[in-house]
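Notes to accompany the following structure.
Lettering follows sequence order; numbering is per chain, from 1. In this text the structure is predicted, and so the values were computed from the model without any measurement.
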Amino acid sequence: MTVTPVYLRTDVAPSEPSRRIVDDRPRLLLTDEHDMCPGCGEPLAVRCFCEAIEDLGQGNNVIVVAGIGCYTTFSMSLAIDTVQALHGRAPSLATGVKRMKPDTVVFTLQGDGDMVNEGLQEVIHTAARGEHITCILVNNGVFGETGGHMTATTVLGQRTKNSLEGRDPDYHGYPILIGDMLAPLQGTVYCARASVHNPAGVARAKRYLKKAFETQIARQGFSFVEILTMCPTGWFIPTNEGPAYMDEVMGEVHVTGELKVDGVLRTTEDLKAEWARKAAEAAARGGGPSFDVEHTPEGGEV
Amino acid sequence: MEGSEAIAEAAVVAGCRFFAGYPMTPFTEVLEHFAVKLPKVGGVCINAESELEAVGMAWGAVATGNRAATGSTGQGLSLMQESFSEITMAELPIVLFNIARGQYDYYQSTRGGGHGDYRQIVLAPMDVTEAVEHCQLAFWLAEKWRNPVLFMGDYLLTHTYEAVEVTEIDYGPVPDKPWAVDGSSSGTLDAKLVSSLGFDKVGRPHVGPQAHWLRLAEKWAVMREQEQRSETAFCDDAEVIVVAFGTLAKFVRYVVKELRAEGHRVGYVRPITLWPFPEPAVAAAASGSHVRTVAVLENNAGQMIDDVRLSVLGRCPVVAIGGISTDGSGFGMGALLDPAVVRERILSALEPVSA
Ligand code: SF4
């Protein structure tokens with residue numbers, strides 16, 4: 001079967017009025033507006049989980065426990081029952097919620113400062129217990145809310161307000177790849193890392209989130225999805241350079257893909273090798289991937 | 001029944017369905033009993049990875065409208081203080097157990113180690129019988145006020161066997177819980193937000209921190225008026241008023257009765273709630289011209305004495321007759337928890353002041 005690509009026609013008038021992105025506001029958002037910076041990736045991540053939950057028919061049966069970060073503003077605008085946690089503490093609260101409401105879908109929304117700095121032991125023990133919740137990490141490698149400071153996931157060389165000359169391993173230590181810590185735990189059933197810096201990444205993030213929620217609904221155990229999100233403000237770059245910076249700087253370290261699915265474990269190093277292999281194959285075919293829309297080691301679908 | 005078991009049993013009878021804790025002497029046995037009892041009634045007890053997670057889990061459980069509790073010793077509660085502040089600001093009716101090492105946590109329990117303005121009712125039972133009552137009262141008061149209640153026990157309380165029957169006490173109705181999350185209002189304009197900041201979902205009138213915190217301060221002012229509990233005895237003509245709380249107060253009751261029988265003019269006030277502190281009761285006892293001294297007996301270097309001074313307000317001298325008293329391990333009871341020692345201390349306050 002041949003697939004005919006659909007191109008945007010620019011030679012004729014559109015048959016219907018164009019739609020703005022807010023026209024497709026997910027039902028689980030109470031407003032079209034958010035107060036994030038232009039170019040921020042977090043609203044995209046929010047859209048992904050809202051749509052994933054709706055697609056699974058769980059829109060009236062879901063509770064979120066929100067951490068503290070820029071995304072905390074969504075505590076007020078999500079049409080989802082919300083418990084506001086302290087910085088780092090969302091997984092323990094979500095545990096208490098889920099144990100008392102075992103038939104609901106319960107997830108946490110946390111940033112890298114929240115989950116990987118302050119609350120690291122919470123997410124690890126929650127995974128180890130095989131708690132039937134989903135933890136969502138929106139990872140941008142900085143404390144965006146405080147104005148761009150180093151977190152545990154800041155990549156080497158990255159300049160932040162407290163690593164002005166770039167993160168130096170001798171002085172600041174190395175970044176933590178949290179997915180690689182969670183995936184091997186027996187209680188973890190699904191573990192993946194996605195990115196929202198391009199449409200393919202957004203689609204993948206949503207797909208991973210659906211798989212994670214399905215894991216939870218099937219009472220299989222703990223599920224984790226990390227979503228890399230742009231933070232041009234905290235990265236001190238022009239807004240429109242966010243996606244490229246994500247691809248070339250963060251994405252090189254926090255490589256996207258599934259780290260645990262159906263009992264098969266992969267490390268970030270494995271994902272990196274798969275990407276390299278695919279790039280080499282593509283180059284051999286004569287068409288090298290120009291941007292990481294092909295960053296899909298699990299194959300095909302973008 | 002041992003005190004620790006009676007406490008867990010009373011909590012279960014009061015409807016507690018979730019407990020999370022981390023073992024620590026002398027609190028450990030309370031956790032052990034919850035671990036046995038809760039699953040039998042369809043509840044959950046989690047051995048948390050630290051006190052930080054224990055309080056977080058109980059916070060989440062209570063946000064669903066279930067009765068939930070956590071606890072530790074004062075040391076463990078030190079770790080939980082950040083959450084105590086936030087849970088209080090979020091108006092969640094959690095119950096907290098401090099099975100303290102001695103009485104060193106008076107400041108912690110009444111002032112709190114957490115941030116900001118916040119208040120919690122603190123109940124300090126003197127024996128296992130009263131603990132069974134207070135345990136149930138704690139859950140009721142917490143829901144009545146949508147405010148955490150702290151139960152203050154110690155080594156002696158949890159490790160003493162008393163013949164008690166744990167039966168349900170009906171303290172009356174509690175308010176509905178329209179704030180509790182269950183996921184069913186998700187996807188609607190009625191989605192809920194349990195937050196300490198006083199904000200609500202978009203589209204509803206936002207209160208905001210200023211108004212929220214003011215309202216809470218007003219609530220605590222009313223609680224302060226309405227929830228003071230204390231026991232006063234033999235104070236009508238007393239020259240010396242002894243003030244003591246918790247298990248130590250049980251010794252004081254016994255010794256004061258004994259001294260009265262011998263003709264000494266001594267009475268006592270036993271604060272049952274440490275917050276709100278029964279200031280009027282202490283002030284009233286200290287008011288007569290017959291009162292020479294108010295003597296504070298506490299098992300620490302002097303903490304409650306501040307509240308006693310604030311109640312007496314210079315009407316008469318306030319002296320400390322207690323002090324630091326612990327065993328070799330630092331967990332248990334020292335020499336002070338002995339009627340003979342308590343008697344000697346009270347007698348020292350009765351001695352006429354030399355001119
Ligand atoms: S600081 Fe960064 S994370 Fe925060 S809203 Fe701005 S772009 Fe987004």
Handout entry: Exercise: do B/S185 and A/D81 side chains pair donor with acceptor under 3.5 Å
Key = yes
Handout entry: Heavy-atom neighbours of B/W213 CH2 exceed 12 at 6.0 Å
Key = no
Problem - Part of A/I124 within contact of chain B (heavy atom distance under 4.5 Å) - result: neither
Practice task
First locate atom CE of B/M89, then atom CD of A/Q84, and finally report the distance between them rounded to the nearest 0.5 Å.
Solution key: 14.0 Å
Handout entry: Side-chain heavy atoms of B/S83 within contact of A/L86, under 4.5 Å
Key = yes
Problem - Presence of salt bridge, A/R89 and B/E86, under 4.0 angstrom - result: no
Handout entry: B/N66 portion near chain A, given a 4.5 angstrom heavy-atom threshold
Key = side chain
Completion exercise
Under a 4.5 Å heavy-atom criterion, the part of residues 92-105 of chain A in contact with chain B comprises A/S92, A/L93, A/T95, A/G96, A/V97, A/R99, A/M100, A/K101, A/T104
Practice task
Compute whether any side-chain donor of one residue and acceptor of the other, for A/T82 and B/K201, lie under 3.5 angstrom apart.
Solution key: yes
Fill in the blank from the handout: Assert top hit (heavy-atom pairs under 4.5 Å, partner chain B, pool A/L28, A/L30, A/L29) equals A/L30
Problem - CG (B/N47) with more than 12 external heavy atoms under 6.0 Å - result: yes
Problem - Contact class of A/S77 relative to chain B, heavy atoms under 4.5 angstrom - result: both
Fill in the blank from the handout: Cut-off 4.5 Å, heavy atoms of chain B, and the answer for A/V83 is both
Handout entry: Candidate pair B/L193 and A/S75, rule side-chain contact (heavy atoms from CB on, under 4.5 Å), full reasoning
Key = CA-CA 7 Å; B/L193 171 57; A/S75 289; 4.0 Å; yes
Handout entry: Note, B/S50 side chain near A/Q121 side chain (heavy atom, < 4.5 Å)
Key = yes
Exercise for the section: State whether the number of non-hydrogen atoms from other residues, nucleotides or ligands found under 6.0 Å of B/L189 atom CG is greater than 12. Expected result: no
Exercise for the section: Evaluate whether atom OH of B/Y22 has more than 12 neighbouring non-hydrogen atoms of other residues, nucleotides or ligands under 6.0 angstrom away. Expected result: no
Practice task
Report yes if some heavy atom in the side chain of A/N60 is under 4.5 Å from a heavy atom in the side chain of B/S186; otherwise report no.
Solution key: no
